[in-house]
Amino acid sequence: MNGIKLCGTGAAAPVKVVTNDDMAAMVETSDEWITTRTGIKERRYCTDETQLSLCMDAARQAMDRAGVSPADLGVCLVATISPDFITPSVSCLLQRELGLPEDCLCMDLNAACSGFLYGLHTAQCLLDACPRKYGLVVGGEAFTRLVDFTDRTTCILFGDGAGAAVVRSGPDCPVLHTVVGARGDEKVLHIPGAGTGVPPYIHMEGTAVFKFAVETVPKCITQVLEQAHMTAEDIDLFVLHQANERIIDRVVKNLHLPPEKCPKNIARYGNTSAASIPLLLHELCASGALKPGMRALLSGFGGGLTWGGAILELDGEAH
Ligand code: UT7
């Protein structure tokens, strides 16, 4: 099977910035509590933006940076749990807005915060069977529409945003080493669906999810490294789901990773679910921290419960 390489990234965030002090005006909380328990200082909320407009913006940037035209794309996958519509899918609307060929496979994925990793894995498999060799993988959320703004235990955590990646499949691309996992459980994290008579707000047992994350993510990273016959030293950057700074720090400590290889942007965006990993990945590419030829290990966890990890190399010709 042909592997994939990363060719270009993009990201988009709403204009409206909501600080911890703004949150404290809505619910009984404080900048001090949020900062020490989560590392979050601010997040972005959609006003004029929609989930689709964020995804479009991020996808266009990724295509520009990769230097691909719509006709080059054979696969368009969008990871999200907060789309503007249940149907049509976001990926179908991207087909129209970006002018993708009608035989481009367009599909949305629901793996909550692990969605971008599920998307990369799926893109590699689908592209291997596709005559066109480029794929678009987007993670985009207008997550704040799923938040109960009277529940201080959840509302302070989440924000809106999108990140996108163009990947290329080819015999010269290393196989994307991936671990994806699922363990069905609606007790610790769920969002009710349409017709249940309950508002579609996130319900979460924070401590149980925290425990799940600090056990699962290090295990997942270790498994991906083993699968690739690599060690942490072979990885240039670890791009981890930005859910809580304390979770990231525990993963770094447990695996003895150099903290400088584990960048964070949670202070500025909070938890943006499926957008979190591609948003950070884009910042690293745009700043030049991740250079052509370098390898990033991406890993995350989320509702489902789900988790995932993948080792992605930046294409030599990307910028
Ligand atoms: O993307 C995947 C989704 N989710 C996650 O990754 C979430 C994982 N979990 C977490 O990040 C943490 O569990 C939280 C940040 C959600 C909570 O932190 P914690 O250290 O586990 O706090 P806790 O739930 O044990 O609550 C401690 C106290 C409680 O008060 P009492 O019972 O000690 O009096 C809470 O009522 O903090 C209280 N509390 C708050 N206080 C001020 C809970 N939320 C707030 C708040 N402001 N926003």
Side-chain angles (χ1 to χ4, degrees), residues 18-43 79-82 109-118 139-163 180-191 200-218 220 239-252 254 264-267 269-280 298-309:
V18 178
T19 64
N20 290 346
D21 287 338
D22 295 331
M23 297 306 307
M26 284 188 251
V27 287
E28 198 184 331
T29 190
S30 64
D31 175 45
E32 200 268 332
W33 192 96
I34 300 173
T35 305
T36 53
R37 298 286 179 136
T38 72
I40 299 166
K41 296 299 281 182
E42 58 190 41
R43 66 290 285 147
T80 187
I81 54 170
S82 54
L109 280 165
N110 173 346
C113 308
S114 316
F116 185 73
L117 297 159
Y118 272 64
E141 303 281 13
F143 200 96
T144 51
R145 58 175 50 144
L146 303 174
V147 164
D148 175 358
F149 283 98
T150 64
D151 176 9
R152 68 174 183 173
T153 66
T154 52
C155 72
I156 52 110
L157 297 171
F158 297 96
D160 302 332
V180 286
R183 184 188 304 155
D185 184 337
E186 77 283 21
K187 285 198 188 72
V188 298
L189 200 166
H190 78 272
I191 300 169
Y201 296 146
I202 182 161
H203 298 262
M204 183 172 69
E205 289 178 19
T207 312
V209 177
F210 193 102
K211 202 167 156 248
F212 160 72
V214 297
E215 280 171 7
T216 309
V217 176
C220 178
V239 182
L240 306 180
H241 173 42
Q242 307 285 298
N244 184 324
E245 185 167 36
R246 288 191 294 137
I247 294 176
I248 301 168
D249 292 346
R250 285 275 284 276
V251 172
V252 168
N254 289 357
K264 301 172 203 165
N265 64 5
I266 186 166
Y269 298 109
N271 181 348
T272 56
S273 183
S276 148
I277 289 175
L279 194 55
L280 179 56
L298 284 41
S299 185
F301 65 95
L305 298 166
T306 55
W307 60 92

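First listed ligand is number 1; within each ligand, the first listed atom is number 1. Model, not experiment: these values are computed from the prediction.
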Polar contact flag, side-chain donor to acceptor under 3.5 angstrom, Ser82-Glu141: yes
Part of Asn244 with heavy atoms under 4.0 Å of ligand 1, whether side chain, backbone, both or neither: side chain
Subset of ligand 1 atoms that lie under 4.0 Å from at least one heavy atom of Thr38: 15 (C)
Lys41 and Thr19 side chains, donor-acceptor separation under 3.5 Å: no
Nearest heavy-atom neighbours spanning Ala112 and Ala274: O-CB, 3.6 Å
With sequence neighbours excluded, residues passing ring-ring contact (aromatic ring centres under 6.0 Å, His included) with Phe301: His241
Nearest protein heavy atom with distance in Å, relative to atom 4 (N) of ligand 1: Met204 SD, 3.1 Å
Sub-4.0 Å heavy-atom contact, Ala213 with ligand 1: no
Distance from atom 5 (C) of ligand 1 to nearest protein heavy atom, with residue and atom: Val209 CG1, 3.7 Å
Ligand 1 contact on Trp33 by region, counting heavy-atom pairs under 4.0 Å: side chain
Distance (rounded to the nearest 0.5 Å) between Arg145 CZ and Ile202 CD1: 14.5 Å
Identity and separation of the nearest protein heavy atom to atom 36 (O) of ligand 1: Arg152 NH2, 3.0 Å
Heavy atom of the protein closest to atom 27 (C) of ligand 1 (residue, atom name, distance): Arg37 NH1, 3.6 Å
Atom 8 (C) of ligand 1: nearest protein contact (heavy atom, Å): Gly206 O, 3.6 Å
Euclidean distance, Thr216 OG1 relative to Arg183 CZ, rounded to 0.5 Å: 5.5 Å
Contacting atoms of ligand 1, where contact means under 4.0 angstrom from a heavy atom of Thr29: 42 (C), 46 (C), 47 (N), 48 (N)
Sub-4.0 Å protein heavy atom next to atom 33 (O) of ligand 1: no
Residue portion contacting ligand 1 (non-hydrogen atoms closer than 4.0 Å) for Thr154: neither
Shortest non-hydrogen contact from Thr38 toward Ile266: O-CD1, 3.8 Å
Whether Arg152 side chain and Glu28 backbone form a donor-acceptor pair below 3.5 Å: yes
Distance from atom 24 (O) of ligand 1 to nearest protein heavy atom, with residue and atom: Thr207 OG1, 4.0 Å
Nearest-contact summary for atom 6 (O) of ligand 1 - protein heavy atom, Å: Ala243 CB, 3.3 Å
Part of Ile156 within contact of ligand 1 (heavy atoms, under 4.0 Å): side chain
Test of proximity, Asn271 against ligand 1: N or O pairs below 3.5 Å: yes
Under-4.0 Å protein heavy-atom contact, atom 39 (N) of ligand 1: yes
Minimum heavy-atom distance Gly163-Ala275, with the two atoms named: N-CB, 4.2 Å
For Phe301, atoms of ligand 1 separated by under 4.0 Å from a heavy atom: 2 (C), 6 (O)
Is_contact(atom 29 (C) of ligand 1), protein non-hydrogen, under 4.0 Å: no
Proximity to ligand 1 by part of Thr153, non-hydrogen separation under 4.0 Å: both
Minimum-distance pair of heavy atoms, taken over all atoms of Ile156 and Arg43: O-NH2, 2.8 Å
Glu28 and ligand 1 - part of the residue with a heavy-atom distance under 4.0 Å: backbone
Close side-chain approach of Thr306 to Tyr118, heavy-atom, < 4.5 Å: yes
Atom 18 (O) of ligand 1 [closest protein heavy-atom partner, distance rounded to 0.1 Å]: Arg246 NH2, 3.5 Å
Glu205: partners by side-chain contact (heavy atoms from CB on, under 4.5 Å), with sequence neighbours left out: Val188, Ala208
Cationic N near anionic O, under 4.0 Å, Lys264 to Asp249: yes
